Amino acid sequence: MLPRNLIDREIRFGAQNYAPLPVVLSHGRGAHLFDIEGRRYIDMMSAYSAASFGHLHPRLVAAMQRQLERLDIVSRAFHSDNLGAFYQDLASITGLDACLVMNSGAEAVETAIKAARRFGYDELAIPADKAEIIVAAGNFHGRTTTIVGFSDDPESRRGFGPFAPGFAAAPFGDAEAIEALIGRHTAAILVEPIQGEAGVIVPPHGYLASLRRICDRHGILLIFDEVQSGFGRTGRNFCFEHEDARPDGLIIGKALGGGLMPVSAFVARRSLMDVFSPGSHGSTFGGNPLAAAIGREAIALLRDENLAERSRVLGEVLLQALRAINHPAIVEVRGKGLWAGVELDVSMVKAKDVCLALMRRGVLAKETHESVLRLAPPLVIAEDDLMEAVAAFRAALDDCAAPSERYAG
Ligand code: PLP
């Protein structure tokens with residue numbers, strides 16, 4: 001079938017809740033994706049970090065296949081023989097004590113919110129239904145109604161209220177502003193250590209450690225959402241490891257599923273996880289044997305292939321190369337590890353147009369908001385591919401400086 005027909009069918013029978021680039025992918029391997037005509041692209045976004053290990057990593061595929069020959073999904077109504085080991089691996093790599101496995105990132109965020117609120121009532125003597133969680137302006141934690149309720153992105157919220165109360169927002173990167181919001185009903189601070197969707201916003205160094213100290217001082221919980229920043233993306237296994245800032249609760253997802261299926265988790269100190277009792281929370285699919293097998297292999301791969309260090313080293317190469325591009329449309333290059341945001345001057349060029357031009361040049365990336373090109377390639381990407389992508393970006397900026405109708409998607 002022609003690409004246009006395939007796209008039209010998606011549009012005709014699907015919800016229009018995304019605006020994909022006009023490319024129809026049919027296979028992928030490592031850091032490369034291929035469209036239905038066999039054209040190769042360098043993947044510079046890795047499915048928002050879900051494909052951080054690259055596409056179809058042979059070890060992940062083998063682990064999935066091995067599990068598929070033994071046992072599929074049995075629900076948490078019974079024990080299964082690899083769930084305990086998965087928990088232990090997660091506890092070991094995060095330095096925390098106990099886990100609750102879900103599927104999507106948003107579900108793991110909801111799990112963290114429930115845990116924080118119940119901890120607030122049971123352990124911090126917050127009056128019933130008064131618990132408050134402090135979040136950061138510009139946050140992105142997923143798409144459930146509770147979560148979009150504390151987002152400040154108008155299109156995420158419009159028409160979806162009424163929203164749940166119990167959240168207050170402070171500017172991102174400003175620990176003092178967060179502390180000023182803490183009151184007698186505050187149970188927790190919940191932030192992304194680097195804000196991805198907001199445009200790869202890196203807070204000042206020391207912010208995470210300050211939050212840790214503030215939470216200790218006030219006896220409240222620190223929860224980091226590392227759904228996007230975790231698993232080596234920023235040059236450490238978890239972004240909080242850049243500072244002395246181990247949280248009480250950690251939310252992870254995306255790469256944990258190895259790009260093969262949705263696997264997320266809330267990992268926490270024992271006393272925090274112990275707020276959950278049978279019947280208080282759950283998921284039919286969360287922690288299923290297939291998810292556990294893939295998650296265990298993903299954790300092993302992260303360690304065996306030293307991917308966080310690879311991300312740190314290649315990330316420096318990427319940021320340096322991007323900063324070396326001397327183009328008037330670039331306002332700022334920021335990032336950490338293999339995760340970069342390029343802020344563009346929208347009066348000269350729109351990030352979406354750059355993505356279209358990049359696509360024509362064999363590189364797939366995605367803008368966030370109108371002005372930011374976000375780059376987050378698989379951590380296994382070869383340096384040559386990375387440099388090819390940067391060269392394509394340089395050329396794409398020139399393509400867009402002379403706008404052309406042919407790029408209109
Ligand atoms: N939290 C963060 C920081 C994210 O970046 C995302 C998704 O981009 C989520 C949560 C939601 O994850 P999911 O789309 O798997 O629900």
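Order of appearance sets the numbers: ligands from 1, and atoms from 1 within every ligand. By convention here, the first residue in the shown sequence is residue 1. Source: prediction; values computed, not measured.
- Annotation: salt bridge (Lys or Arg N to Asp or Glu O under 4.0 Å) contacts of D81 (sequence neighbours excluded): R70.
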Can I get a per-line list of side-chain donor-acceptor pairs under 3.5 Å for residues 14-21, giving both atom names and the distance, sequence neighbours left out?
residue	atom	partner	partner atom	Å
Q16	NE2	I11	O	2.9
Q16	NE2	G14	O	2.8

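- For ligand 1, the protein residues within 4.0 angstrom (heavy atoms only) are S104, G105, A106, F140, H141, G142, E192, D225, V227, Q228, K254.
- For the residue pair S371 / E343, a side-chain donor-acceptor distance below 3.5 Å is found, with atom types taken as modelled.
- For the 3.5 Å distance criterion, the side chains of D153 and S151 fail to qualify, holding no donor opposite an acceptor.
- Between the side chains of S311 and R233, no donor-acceptor pair is found at a separation under 3.5 Å.
- Note on residues 130-139: no pairs pass side-chain hydrogen bond (donor to acceptor under 3.5 Å, both in side chains), not counting sequence neighbours.
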